[in-house]
Each structure stands twice: as structure tokens, then as C-alpha cells.
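Shown next, in C-alpha cells, is the structure this report addresses.
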Amino acid sequence: EVRYNNGIQGANFTQRNVNPPAIIYASATAAIFGGASVEIQGGNAVGLEITVPASVTAGVPFTASVRAVDAFGNTADDYDLTWAFTSSDPAPFAGVVPGDYTMVPAADSGMHTFHKAFVLFNGPSQTIQVSDGSLTAVSSPIVVNPGPVGMFSILAVSPQPANVVFPLSLEAFDIYGNTKSDHSGAI
């Protein structure tokens, strides 16, 4: 209950989450009431979040999103720093990430989606990291599934006597060297 003097009274209201907008109602009787919808903006960024797919195919571009968050998990609307990306994907086929990206509050509002800007090559899983120099986020592990068959490895003990059947081992790989365990068929 808030008491009014001369028809005006101030009150404090705290809303921690930006969605949904805060709706404030006041009433003196059932017939006398007022209301307001208040847009709550995110606070200063205290962390970064990166959203990635659970799995990708080696060598195929995929999309990821990054957002700056305040202490309550809201998007930090006024965030304007530069993000740099790295991946855990090692040589010889190192992962591809976008170049540095500077956030523009009016256009990005604290979050940005990078469409088909990432490529991973080496299984079984990798991560993407984003940093603005003080805040850093690492993605959840991304399963990197092998691409199409690109080569075979054949192993056999040598020498073998003529006209004798001997065992050999055959393994399929994609062009990046990932084992293609789901390959079957005649060779």
C-alpha cells in the first residue's frame, strides 16, 4: 500500500528481467485505477554466451549466435565491444571462424548471429571461443561428424605366401582424416 499526499507519491519498483515488459497497476477502488507498461533494458555486460549446434558435419559451414548478458541473464542492449573468435580445432585442418566483429548497439542490441561463418574439420568434438578482451565464453562441445568418404587405409602383414588367402584391414576416412565408421558397401 502506498499513501499519497496531494495526489502524488513516488515509489520504487525493481524488475530484473527484461521479458516480459513490467506492467504496473494501481487502484483506489474497482472503478478508479491506472496502469503503465514499462520497458526494462538490460544492464551492463558481465558475461558472454555463445549458442552453437550440438553437431556439425566436417567441412560444412554452420551458424552460431553470441550475446552479451547482464548479471540477471538479460541481453546487455548497449554492449559495443569487439569480439574475437578462436576454435579448438587443430591443424592440419584448423577450424574457420569469423574475423573480429565490433558490436553496434543500435543494430545488434547486445547479440549477433553469424550465419554459416564457422567451419570445423576434426572430430570427435571441438569448441568455439569468443572474447572481448575481458569477457570470454566457450561453447558447449560440438560433435564433428565425418564428411563423405575421401580415402581408405589398407593394412596387411607382409610378406605373404603365394596362393594363400590372408587377412587385411580396411578403414574408411573423410578427406580430413576422420574415421568414417558408418561407411558400408563394396569397394
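Just so you know, these numbers come straight off a predicted model, no measurement behind them.
- Contact record, Gly59 with Pro61: O-CD, 3.8 Å, taken as the closest heavy-atom pair.
- Here Asp182 pairs with Lys180 under the salt bridge (Lys or Arg N to Asp or Glu O under 4.0 Å) rule; sequence neighbours left out.
- Panel note: side chain Asn145, backbone Thr57; no donor-acceptor pair is recorded below 3.5 Å.
- Checking side-chain atoms of Ser88 against main-chain N and O of Thr127 turns up a donor-acceptor pair under 3.5 Å.
- Leu81 and Val104 fall into different hydrophobic clusters, where Ile, Leu, Val, Met, Phe, Trp and Tyr residues are linked whenever their side-chain heavy atoms come under 4.5 Å apart, directly or through other members.
- The aromatic rings of Phe93 and Tyr176 sit perpendicular, their planes meeting at an angle over 60°, well past the 30° parallel limit.
- A donor-acceptor pair under 3.5 Å links the side-chain atoms of Ser131 to the main chain of Gly133, judged by distance alone.
- Contact detail for Ala68 and Ala45: the closest heavy-atom pair is CB-CB, 4.0 Å.
- The minimum heavy-atom distance linking Ala172 with Val149 is given by the pair CB-CG2, 4.3 Å.
- Cluster membership for Met111 and Phe114, using ILVMFWY side-chain heavy atoms within less than 4.5 angstrom, is not shared.
- Screening residues 127-149 for ring-ring contact (aromatic ring centres under 6.0 Å, His included) gives no qualifying pairs among residues at least two apart or on separate chains.
- Side-chain contact between Val130 and Thr86 is absent, with no heavy-atom pair separated by less than 4.5 Å.
- Listed for the Asp174 side chain is a donor-acceptor partner under 3.5 Å among the backbone atoms of Gly147.
- Between Ser87 and Gly95, the shortest heavy-atom distance links the atoms OG-CA, 3.6 Å.
- For Phe85 and Tyr101, the ring centers sit 6.0 Å or farther from each other.
- Between Phe62 and Ile142 there is a side-chain heavy-atom pair separated by less than 4.5 Å.
- Applying the salt bridge (Lys or Arg N to Asp or Glu O under 4.0 Å) rule to Glu171 yields no partners; only residues at least two apart in sequence or on another chain are considered.
- A chain of hydrophobic side-chain contacts below 4.5 Å, direct or via other Ile, Leu, Val, Met, Phe, Trp or Tyr residues, connects Leu168 to Phe152.
- Listed for the Gln126 side chain is a donor-acceptor partner under 3.5 Å among the backbone atoms of Asp89.
- Checked by atom type and distance alone, the side chain of Asp70 never pairs as donor or acceptor with a backbone atom of Asn44 at under 3.5 Å.
- Trp83 and Val69 fall into different hydrophobic clusters, where Ile, Leu, Val, Met, Phe, Trp and Tyr side chains are chained together by heavy-atom contacts under 4.5 Å.
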With a 3.5 Å cut-off and sequence neighbours excluded, list the donor-acceptor pairs that the side chains of residues 48-55 form with protein atoms.
residue, atom, partner, partner atom, Å
Glu49, OE1, Arg67, NE, 3.0
Glu49, OE1, Arg67, NH2, 3.3

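- Applying the ring pair (Phe, Tyr, Trp, His ring centres under 6.0 Å) test to Phe173 and every residue at least two apart in sequence or in another chain returns nothing.
- Proximity of Asp77 to Pro105: side-chain heavy atoms (C-beta onward) are nowhere separated by under 4.5 Å.
- The shortest distance between side-chain heavy atoms of Val66 and His112 does not fall below 4.5 Å.
- In the model, Asp132 has a side-chain atom that pairs as donor or acceptor with a side-chain atom of Ser134 under 3.5 Å.
- Phe166 is not listed as a side-chain neighbour of Val157, based on a closest heavy-atom distance of 4.5 Å or more.
- In this structure, the side chains of Tyr79 and Asp108 stay at 4.5 Å or more apart for every pair of heavy atoms.
- Every side-chain contact (heavy atoms from CB on, under 4.5 Å) that Val96 has, sequence neighbours left out, goes to Val119, Phe121.
- Side chain of Ser139 to main chain of Ile128: a donor-acceptor pair is present (N/O by atom type, distance under 3.5 Å, no hydrogens or angles).
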